[in-house]
Amino acid sequence: MQQHSTLGREVDIDRFWQDVQTQARIGALPEGGLGRLALDKSDIEARLWLMQEAASLGASAFHDPIGNLYLRREGRSPELPPVLIGSHMDSQPKGGLYDGALGVIAGLAVLRTLHEQDITLERPVEVVSWTNEEGARFAPGTPGSAWFAGARDIAAIMASHDDAGVSFEQALAPCLEAMDAKGSIKRETPVSPSAYLELHIEQGPVLDAGQLPACVVGGIQGVNWYRVHLQGRANHAGTTPMDMRQDAVMGAHALIRELEDCVNRQDSQVRFTIGKFSVAPDSINTIADDVSFTVDLRHPDASILAAIDNDFAALTATRWRGCQARLERLSSIAPVSFDPNILESLEQNLERYGTKAPRLVSGAFHDAIHLANLCPSAMLFVACRDGISHHPDEHAEKDDATVAVRALTDTVLELAQG
């Protein structure tokens, strides 16, 4: 172990960064950024590219029934649970080049370094690209890692639909077929890892503002997703008196103000976002009779989330401007804290490369939120310019990513040696 304690210094950073830029051309948007939705043609192409790169490093490819792709470098004791490195390759409809993909390519860089240095560790090392982390096409997000960790039923995932009415199962079929045709081996059941590591851009401004390249992540705040429905009565916009209406838009407006007040009674760490809002019949001169909107609610304390959930339930159990409300709970993921031993290792290795930074709690959810309930897990953040993410302007610096991928490599070495 001491012989390779600074293996991170051997990472071919130029090749790592070249791979980051190469993957960014798969699904690139004409105006810049990335549009690689889960299980679309570009997502499938990115998977096949990963398989090709892994094969050149002597790694084997596997996939499971949900479409997660694993790239495995064998260890001296193949029966031991592997050290797993992962993130995702899907993006937002108009996303950036680094969200998710940086972590997968960092894992590929670890495999490349082990291959080029001709190092075989005691445990296998696997890199995983999780399916549909973003949830931009099939909501809710992270079904691949959630199923892997036993947190979500595969039948419900398969039955989810995108906005065009295509089911997850229908979209998955050509992906599985393409990976199978290129030699990926199907795993019917998950292989439980000994540890899980995920590298990701921060998606926030703290590191960039502090001129810090990277840091370890102490945990991830919990997230609840809701859809709220209001049912009113359609009628003519010009002839119906205001006090005789059951206007679903006005009802939704009044309810949203109360939901926001409920959130504001808690501390400033609460994050409350309405992301989608739909109106029917969607006509300029007709009173709306059907409105639905989504709520994304986040906080690092499970008790705060539970209290707000109770308030939301009470508020949606009544009528608003004569319209009946209904609360639909789409997803609930509890906050997690990461493994202290792995966090300590990552911090020590970051310091080895000249970086000492405070631990952050992730405001965004990641696949690691599920893996943390399955095995010792941890994350690294890389600074992103101005904290911008989910946007074509998303940007990470090569030098910042270098620090993180070197520290990641050294920690993988430590975990896979025993």
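A quick note: this is a predicted structure, and the numbers were derived from the prediction, not measured.
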Criterion side-chain hydrogen bond (donor to acceptor under 3.5 Å, both in side chains) on Ser332 and Asn224, from CA distance to verdict: CA-CA 4 Å; Ser332 179; Asn224 292 350; 2.9 Å; yes

[X]: side-chain hydrogen bond (donor to acceptor under 3.5 Å, both in side chains) partners, not counting sequence neighbours:
{"X": "Glu397", "value": "His395"}
{"X": "Glu202", "value": "none"}
{"X": "Ser192", "value": "none"}
{"X": "Glu177", "value": "none"}

Keeping [X] on the side-chain end and [Y] on the backbone end, is there a donor-acceptor pair under 3.5 Å?
{"X": "Glu198", "Y": "Ala368", "value": "yes"}
{"X": "Ser389", "Y": "Glu394", "value": "no"}
{"X": "Asp40", "Y": "Ser42", "value": "yes"}
{"X": "Thr273", "Y": "Gly275", "value": "no"}
{"X": "Gln170", "Y": "Val166", "value": "no"}
{"X": "Arg352", "Y": "Ala407", "value": "no"}
{"X": "Ser145", "Y": "His370", "value": "no"}
{"X": "Thr402", "Y": "Asp400", "value": "no"}
{"X": "Arg359", "Y": "Cys215", "value": "no"}
{"X": "Arg123", "Y": "Ala416", "value": "no"}

Please report the closest heavy-atom contact between [X] and [Y], naming both atoms and the distance.
{"X": "Leu71", "Y": "Leu50", "result": "CD1-O, 4.0 Å"}
{"X": "Gln203", "Y": "Ala364", "result": "OE1-CB, 3.6 Å"}
{"X": "Leu176", "Y": "Gly67", "result": "CD2-CA, 3.9 Å"}
{"X": "Pro335", "Y": "Ala302", "result": "CG-N, 3.7 Å"}
{"X": "Ala24", "Y": "Leu34", "result": "O-CD1, 3.6 Å"}
{"X": "Gly135", "Y": "Asp90", "result": "N-OD2, 4.4 Å"}

Side-chain heavy-atom pair [X], [Y] within 4.5 angstrom cut-off:
{"X": "Thr22", "Y": "Arg25", "answer": "yes"}
{"X": "Arg271", "Y": "Leu297", "answer": "no"}
{"X": "Ile85", "Y": "Val125", "answer": "yes"}
{"X": "Phe312", "Y": "Cys262", "answer": "yes"}
{"X": "Asp99", "Y": "Cys384", "answer": "no"}
{"X": "Arg72", "Y": "Pro78", "answer": "yes"}
{"X": "Met51", "Y": "Leu69", "answer": "yes"}

Using a cut-off of 6.0 Å, state whether more than 12 heavy atoms not belonging to Asp267 lie near its atom CG.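 Check passes, neighbour count above 12.
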
For atom CD of Gln211, decide whether the heavy atoms of other residues, nucleotides or ligands shown that lie under 6.0 angstrom number more than 12.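 No, because the 6.0 Å sphere around CD of Gln211 holds 12 heavy atoms or fewer from other groups.
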
Partner set under side chain to side chain contact (heavy atoms under 4.5 Å, CB included) for [X], not counting sequence neighbours:
{"X": "Ala378", "answer": "Leu197, Phe338, Ile342, Leu343, Leu346"}
{"X": "Asp12", "answer": "Asp14, Arg15, Glu116"}
{"X": "Ala325", "answer": "Leu230, Leu255, Thr316, Trp320"}
{"X": "His161", "answer": "Ser167"}

For the residue pair Trp17 and Tyr98, categorise the inter-ring angle as parallel (less than 30°), tilted (30 to 60°) or perpendicular (more than 60°).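 Answer is parallel, since the angle falls under 30°.
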
If the plane angle is over 60° it's perpendicular, under 30° parallel, otherwise tilted; pick one for Phe277 and Phe293.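 Parallel: the ring planes of Phe277 and Phe293 meet at under 30°.
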
Short N-O contact, Arg36 and Glu45, less than 4.0 angstrom: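 No, no charged N to carboxylate O under 4.0 Å.
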
Do the charged groups of Arg47 and Asp43 touch, with an N to O distance under 4.0 Å?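 Yes, Arg47 and Asp43 are salt-bridged.
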
Taking atom types as modelled and ignoring hydrogens, do the side chains of [X] and [Y] form a donor-acceptor contact shorter than 3.5 angstrom?
{"X": "Asn68", "Y": "His63", "result": "no"}
{"X": "Tyr353", "Y": "Glu351", "result": "no"}
{"X": "Asp64", "Y": "Tyr70", "result": "yes"}
{"X": "Asp367", "Y": "Thr142", "result": "no"}
{"X": "His229", "Y": "Ser292", "result": "no"}
{"X": "His299", "Y": "Gln266", "result": "no"}

Side-chain atoms of residues 100-114: list all donor-acceptor pairs with protein atoms under 3.5 Å, sequence neighbours left out, distances to 0.1 Å.
| from | atom 1 | to | atom 2 | distance (Å) |
| --- | --- | --- | --- | --- |
| Arg112 | NH2 | Asp19 | OD2 | 3.3 |
| Arg112 | NH2 | Glu53 | OE1 | 3.2 |
| Thr113 | OG1 | Ala109 | O | 2.8 |

Please list all pairs passing the salt bridge (charged side-chain N to carboxylate O under 4.0 Å, His left out) test where one or both residues lie in residues 133-142, with sequence neighbours left out.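 Listed once each, the pairs are Arg137-Asp162.
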
Is there any salt bridge (charged side-chain N to carboxylate O under 4.0 Å, His left out) pair reaching into residues 182-192, and which pairs are they, with sequence neighbours excluded?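 Residue pairs with at least one partner in residues 182-192: Glu126-Arg187, Lys186-Glu188.
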
Tyr226 vs Asp296, side-chain hydrogen bond (donor to acceptor under 3.5 Å, both in side chains): CA-CA, chis, key distance, verdict: CA-CA 7 Å; Tyr226 305 92; Asp296 179 306; over 6 Å; no

Contacts of type ring pair (Phe, Tyr, Trp, His ring centres under 6.0 Å), residue His200, not counting sequence neighbours: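 By the ring pair (Phe, Tyr, Trp, His ring centres under 6.0 Å) rule, His200 matches His88, His366.
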
